[in-house]
Student: 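Here's a structure for you.
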Amino acid sequence: MSDTPVIGVLALQGDVREHLIALASANALARPVRRPEELAEVDGLVVPGGESTTMSKLAVLFGMMEPLRERVRAGMPVYGTCAGMILLADEILAPSPSSPPPSSEGRPVSGQETVGGIDMVVRRNAFGRQNESFEAAVEVAGIEGGPVEGVFIRAPWVESVGAGVEVIAEHGGHIVAVRQRNVLATSFHPELTGDHRVHALFVDMVRAVN
């Protein structure tokens, strides 16, 4: 691999274009990924924001779910934003306690499939619905130059993490960014702000692995 890694953006649903622009600005060769053969050609992958349930169903429908899981298990760097964070979680909690079915711990869980990759429990839509979206300055460990402007749109938060997960940002007492080995996830959308430092961090992660 040259110093310009090839990084895909999962293009089944969501804000694909914005991530392609952010990755290109961070000196990566960015391309959309919709099929397993396209996934096989990239050094890293971004799972964008969007509607996590729809993305999960489309990944199964297009034969992408198992190839995604295999590449993550094999160590491919992955970065998920908002819905992408949800898809990278090992367990998803429903938005409210009234949403069944319960998990073994009595917690309301979502029935959707995930790619996994981060030992964390994520609550969907935790910060509220669309009309409760907001922006906030977020200090992200490992990113220099001051806080990152986070755009939170129907955003999840991380309720708990395993021992191998590094919490790299919090907002309002809740975990909003994590990293586990080669997998990075944020509750917010840095691709919507014009500040591409989080994407630059991910591009550096891809370079380090490859």
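Nothing fancy with the numbering, it's 1 onward along the sequence.
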Student: Show your working on side chain to side chain contact (heavy atoms under 4.5 Å, CB included) between Val121 and Leu93 and close with a plain yes or no.
Tutor: CA-CA 7 Å; Val121 178; Leu93 299 187; 3.5 Å; yes

Student: Parallel under 30°, tilted from 30 to 60°, perpendicular over 60°: which one fits the rings of His19 and His199?
Tutor: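 Correct class here is tilted.
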
Student: Determine yes or no for a side-chain-to-main-chain donor-acceptor pair under 3.5 angstrom, with Arg31 supplying the side chain and Val33 the backbone.
Tutor: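 The answer is no, because no donor-acceptor pair under 3.5 Å joins these two groups.
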
Student: I'd like to check Pro67 versus Leu39 (side-chain heavy atoms, cut-off strictly below 4.5 Å). Are they in contact?
Tutor: yes

Student: Quick one: closest heavy-atom pair of Ala30 and Ala24, and the distance?
Tutor: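 Looking at all heavy atoms of both residues, the shortest contact is CB-N, 4.5 Å.
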
Student: Is a side-chain N or O of Asp195 found less than 3.5 angstrom from the main chain of Val148, in a donor-acceptor match?
Tutor: no

Student: Counting the benzene-type ring for Trp, do Phe152 and His171 have ring centres under 6.0 Å apart?
Tutor: yes

Student: Could you tell me whether the side chain of Gln180 and the main chain of Asp119 form a donor-acceptor pair under 3.5 Å?
Tutor: yes

Student: Is there a path from Ile7 to Ile143 through hydrophobic residues (I, L, V, M, F, W, Y) whose side chains come within less than 4.5 Å of each other?
Tutor: yes

Student: How are the rings of Phe127 and His174 set to each other: parallel, tilted or perpendicular (split at 30° and 60°)?
Tutor: perpendicular

Student: Out of curiosity, does Leu192 fall in the hydrophobic cluster containing Val140 (side-chain heavy atoms, cut-off under 4.5 Å, transitive links)?
Tutor: no

Student: With distance as the sole test, does Thr81 use its side chain to make a donor-acceptor pair with the main-chain N or O of Phe188 at under 3.5 Å?
Tutor: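 Not a single qualifying donor-acceptor pair exists.
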
Student: Could you measure the distance from the CD1 atom of Ile86 to the OG1 atom of Thr114? Nearest 0.5 Å is fine.
Tutor: 10.5 Å

Student: Examine distances only and state if a side-chain atom of Arg34 and a backbone atom of Leu10 form a donor-acceptor pair shorter than 3.5 Å.
Tutor: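 Absent.
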
Student: For side chain to side chain contact (heavy atoms under 4.5 Å, CB included), just list the numbers for Met120 and Asp90, CA-CA rounded to whole Å, side-chain angles, deciding distance to a tenth of an Å, and then say yes or no.
Tutor: CA-CA 6 Å; Met120 63 179 175; Asp90 286 348; over 6 Å; no

Student: Test your reading of the model: is there a side-chain donor-acceptor pair from Thr193 to the backbone of Pro190, 3.5 Å cut-off?
Tutor: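 Between the backbone of Pro190 and the side chain of Thr193 there is a qualifying donor-acceptor contact (under 3.5 Å).
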
Student: Are there more than 12 heavy atoms of other residues, nucleotides or ligands under 6.0 Å from atom CZ of Arg154?
Tutor: no

Student: Taking atom CD of Glu51 and atom OG of Ser56, what is their separation to the nearest 0.5 Å?
Tutor: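 Nearest 0.5 Å value for the CD-OG distance: 9.5 Å.
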
Student: Could you note down all residue pairs passing ring pair (Phe, Tyr, Trp, His ring centres under 6.0 Å) where residues 31-72 supplies at least one of them, sequence neighbours left out?
Tutor: none

Student: When you compare the side chain of Leu20 with that of Val46, does any pair of heavy atoms fall below 4.5 Å?
Tutor: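 No, too far: nothing below the 4.5 Å cut-off.
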
Student: When you look at Val47 and Leu68, which way does the side chain to side chain contact (heavy atoms under 4.5 Å, CB included) test go after all the steps?
Tutor: CA-CA 10 Å; Val47 183; Leu68 285 166; 5.7 Å; no

Student: Write down the atom of Phe202, the atom of Leu45, and the distance for their closest heavy-atom approach.
Tutor: CZ-O, 3.5 Å

Student: For Val9 and Leu23, what are the C-alpha separation, side-chain angles and deciding distance, and is it a side chain to side chain contact (heavy atoms under 4.5 Å, CB included)?
Tutor: CA-CA 9 Å; Val9 179; Leu23 289 167; 3.6 Å; yes

Student: Hey, any chance Trp157 and Val198 share a hydrophobic cluster, counting ILVMFWY side chains that come within less than 4.5 Å of each other, even indirectly?
Tutor: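 Yes, Trp157 and Val198 fall within the same hydrophobic cluster.
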
Student: Look at atom CD of Glu37 and say whether more than 12 heavy atoms of other residues, nucleotides or ligands are closer to it than 6.0 Å.
Tutor: yes

Student: Taking all non-hydrogen atoms of both residues into account, name the closest pair between Pro147 and Glu139 and its distance.
Tutor: CG-OE2, 3.4 Å

Student: Answer yes or no: is there a side-chain heavy-atom contact under 4.5 Å between Leu88 and Tyr79?
Tutor: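 They are not in side-chain contact.
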
Student: Specify the closest pair of heavy atoms between Val72 and Val115, including all atoms of both residues, with the distance to one decimal.
Tutor: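 In terms of heavy atoms, the two residues are closest at CG2-CG1, 3.9 Å.
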
Student: So does Glu113 pair up with Arg69, basic N to acidic O under 4.0 Å?
Tutor: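 Between Arg69 and Glu113 there is a salt bridge, with a charged N closer than 4.0 Å to a carboxylate O.
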
Student: Is Ser187 reaching over with its side chain to a backbone N or O of Pro156, donor-acceptor style, under 3.5 angstrom?
Tutor: yes

Student: Give the minimum heavy-atom separation between Ala26 and Val203, together with the two atoms involved.
Tutor: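 Closest pair (atom of Ala26, atom of Val203, distance): O-CG1, 3.7 Å.
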
Student: Let me confirm one number: the CE-CD1 distance from Met85 to Ile118, rounded to the nearest 0.5 Å.
Tutor: 7.0 Å

Student: Does Gly49 offer a backbone N or O that forms a donor-acceptor pair with the side chain of Asp15 under 3.5 Å?
Tutor: yes

Student: Should we count CZ of Arg73 as having more than 12 external heavy atoms under 6.0 Å?
Tutor: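 Correct, the count exceeds 12.
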
Student: According to a hydrophobic-cluster definition based on side-chain heavy atoms being under 4.5 Å apart (Ile, Leu, Val, Met, Phe, Trp, Tyr only), do Val78 and Leu12 belong together?
Tutor: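 Yes, same cluster.
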
Student: Run the side-chain hydrogen bond (donor to acceptor under 3.5 Å, both in side chains) test against Glu166 and tell me which residues pass, sequence neighbours left out.
Tutor: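 Here no residue qualifies.
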
Student: What are the two closest non-hydrogen atoms of Asp43 and Pro77, and how far apart are they?
Tutor: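 Closest pair (atom of Asp43, atom of Pro77, distance): O-CD, 3.3 Å.
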
Student: In Å, rounded to the nearest 0.5 Å, how long is the span from CD of Glu191 to CD of Glu18?
Tutor: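 CD of Glu18 is found 6.5 Å from CD of Glu191.
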
Student: Treat each ILVMFWY residue as a node, draw an edge where side-chain heavy atoms are under 4.5 Å apart, and state whether Phe134 and Val151 are in one component.
Tutor: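 Different hydrophobic clusters.
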
Student: For the side chain of Arg179 and the backbone of Val167, is there at least one donor-acceptor N/O pair under 3.5 Å apart?
Tutor: no

Student: Can you tell me how far CD of Glu91 sits from CZ of Arg123, rounded to the nearest 0.5 angstrom?
Tutor: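 So the CZ of Arg123 and the CD of Glu91 are separated by 10.0 Å.
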
Student: Are the side chains of Arg207 and Asp3 in touch, meaning some heavy atoms are under 4.5 Å apart?
Tutor: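 The answer is yes; the side chains approach within 4.5 Å.
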
Student: Rounded to the nearest 0.5 Å, how far apart are CD1 of Ile21 and CZ of Arg17?
Tutor: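 CZ of Arg17 is found 4.0 Å from CD1 of Ile21.
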
Student: Ignoring hydrogens and geometry, is there a side-chain-to-backbone donor-acceptor pair from Arg124 to Thr53 under 3.5 Å?
Tutor: no

